[in-house]
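Read through the structure below, which is laid out as structure tokens, and then see the notes.
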Amino acid sequence: MDFGHFFVTKRNYTSTQFTSFLLTGVPGLEDFQIWISIPFSFMYLLAVIGNGLVIAVVAHDRSLHEPMYLFLTMLALNDVLLCTVTVPKMLFIFWQGPSLSTFAACLTQMFFLHALFLSESAILLAMAFDRYVAIYAPLHYATLLTGSLIGKVGLALVARSVVVVIPGVLLILRLHFCRSNVIHHTYCENMGIAKLACNSFTLNSIYGLTAALLTTGLDCILISLSYWLILRTVFQLPSREARKKSFGTCGAHICVILIFYTLAFFSFFTHRFGHHVPRHALILLANLYLLVPPTMNPIVYGVKTKEIRIRVLALGT
């Protein structure tokens, strides 16, 4: 395959600036990518259909226009967007081989990828707060979590993601790419692009790590604190039925949170410190942590949340 002017010799690399990147897929597993695409295609369809059903059910039934279900709808919409940003391009690479992506397209994918990931974390935090208020102060729940407040929370989540991700994009723009334009990955992400630069990307690495710890890391700590307080309150409820109902709702949330943060942090730290982990394993994991949560979330909520389960089943009758 000839990529023409996208390649340069070492002798003149300092005077050449690449305008496109070549995404190669999963390194070392090129001959198996067509088979790898089968489960990924199935998971993507399941994620889109499952989350689409959750959005449709909540939008159609006004009795579900409560904070818990509105946050669930935000999560479902974010999940569809998150996997759609990466999976179609990934499947194209699996089916057709290495694919060129312009610099602008790569940056756009990177922006939405990281912004939507941060939004996912923030929505899970908002859902944890919602459950905390519902269990800790049930009498004030309706007055505290109003529709107006939910709307403002949604806007704040978007604003936080944009404000945190934009500096990362600007830091990429200051870099010069002249050594290689080959990204051994299925999508464009911050450090994957930065590592191709001729000049130092230390600032990119520091900002990426700091931003991740102060956003996703802090979200995880606050969520853990919220559920510790929630479980402590649930154990003190006098009614066994009330405890069972609370555990059922919180159990669904905890399952989703464990799936999301376990995969995300494992992938994040192995990429930075797992120098002996095979590269193909890192790339597969990087794809799974963006696809497994959107696939599992509607299944978990469909099983654990009675109201959602009943209305989804009613759609088929």
Side-chain angles (χ1 to χ4, degrees), residues 1 3 6-8 10 13 18 20-44 82-83 85-103 105-107 109-110 112-114 117 168 171-172 175 177-202 204-209 211-213 216 259-295:
M1 188 179 291
F3 300 106
F6 293 106
F7 286 98
V8 295
K10 282 189 176 181
Y13 77 86
F18 288 111
S20 297
F21 294 107
L22 182 70
L23 294 166
T24 63
V26 185
L29 297 179
E30 290 84 0
D31 294 338
F32 302 96
Q33 287 184 155
I34 191 70
W35 300 107
I36 296 172
S37 71
I38 296 172
F40 276 89
S41 300
F42 177 74
M43 291 170 68
Y44 178 60
L82 181 61
C83 56
V85 164
T86 57
V87 176
K89 180 73 171 179
M90 175 191 71
L91 293 176
F92 181 82
I93 293 168
F94 286 171
W95 294 332
Q96 300 294 325
S99 173
L100 276 173
S101 184
T102 65
F103 185 67
C106 223
L107 279 187
Q109 186 183 46
M110 184 195 104
F112 282 107
L113 168 66
H114 293 296
F117 179 80
L171 287 172
I172 290 289
L175 299 176
F177 303 95
C178 52
R179 289 197 183 99
S180 173
N181 68 333
V182 178
I183 300 177
H184 298 289
H185 211 310
T186 57
Y187 57 79
C188 299
E189 54 92 23
N190 184 29
M191 291 311 298
I193 301 173
K195 287 178 179 179
L196 297 179
C198 302
N199 50 330
S200 174
F201 59 86
T202 303
N204 300 66
S205 183
I206 292 172
Y207 180 78
L209 184 60
L213 291 176
T216 310
I259 291 168
F260 178 76
Y261 285 107
T262 301
L263 286 171
F265 283 128
F266 186 75
S267 179
F268 181 81
F269 286 114
T270 51
H271 264 81
R272 279 165 172 75
F273 309 111
H275 303 298
H276 300 294
V277 180
R279 189 162 185 80
H280 66 268
L282 292 176
I283 303 305
L284 285 173
L285 183 61
N287 283 286
L288 285 172
Y289 94 83
L290 293 176
L291 187 54
V292 171
T295 304

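Throughout, residue positions are numbered sequentially from 1 according to the sequence presented.
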Query raised in the report: Is the side chain of Q109 donor-acceptor paired with the backbone N or O of L107 at a distance under 3.5 Å, no angle test?
Result: no
Query raised in the report: Strictly under 6.0 Å, is that where the ring centroids of F112 and Y187 end up?
Result: no
Query - Verdict with reasoning, T86 to Y44, per side-chain contact (heavy atoms from CB on, under 4.5 Å) - result: CA-CA 10 Å; T86 57; Y44 178 60; over 6 Å; no
Query raised in the report: Angle class for the F21/F103 ring planes (parallel below 30°, perpendicular above 60°, tilted otherwise)?
Result: tilted
Query - Donor-acceptor contact present, side-chain S37 to main-chain I34, <3.5 Å - result: yes
Query raised in the report: What's the shortest heavy-atom distance between S99 and K89, and which atoms?
Result: OG-NZ, 2.8 Å
Query raised in the report: Nearest 0.5 Å, what's the CE-CE distance between M191 and M110?
Result: 10.5 Å
Query raised in the report: Where do Y207 and N190 land on the side-chain contact (heavy atoms from CB on, under 4.5 Å) test, with the steps shown first?
Result: CA-CA 10 Å; Y207 180 78; N190 184 29; 5.9 Å; no
Report task. Hey, could you give me the CG/CD1 distance between L23 and I93, rounded to the nearest 0.5 Å? Result -> 4.5 Å
Report task. Return the minimal non-hydrogen interatomic distance between T186 and F94, and the atom names on each side. Result -> CG2-CE2, 3.9 Å
Report task. Search all heavy atoms of C188 against all heavy atoms of L113 and return the closest pair with its distance. Result -> O-CD2, 3.8 Å
Report task. Go through the steps for I283 and H184 under the test side-chain contact (heavy atoms from CB on, under 4.5 Å), then give the verdict. Result -> CA-CA 8 Å; I283 303 305; H184 298 289; 5.8 Å; no
Report task. In sequence, state the C-alpha distance, the side-chain angles, and the governing distance for L175 and I193, and then conclude on side-chain contact (heavy atoms from CB on, under 4.5 Å). Result -> CA-CA 10 Å; L175 299 176; I193 301 173; 5.9 Å; no
Query - H185 side-chain N/O to G192 backbone N/O, donor-acceptor pair under 3.5 Å - result: no
Query - Interatomic spacing from OG1 in T295 to CD1 in I259 - rounded to 0.5 Å - result: 10.0 Å
Report summary line: Between the CG atom in L196 and the CZ atom in F201, the distance rounded to the nearest 0.5 Å is 9.0 Å
Query raised in the report: Going from CE on M90 to CH2 on W95, what distance comes out if it is rounded to the nearest 0.5 angstrom?
Result: 9.0 Å
Query - Shortest non-hydrogen contact from T202 toward S200 - result: OG1-OG, 3.0 Å
Query raised in the report: Which value, rounded to the nearest 0.5 Å, describes the distance between C106 atom SG and I183 atom CD1?
Result: 4.5 Å
Report task. Please report the shortest heavy-atom distance between F40 and L91, naming the atom on each side. Result -> CB-CD2, 4.2 Å
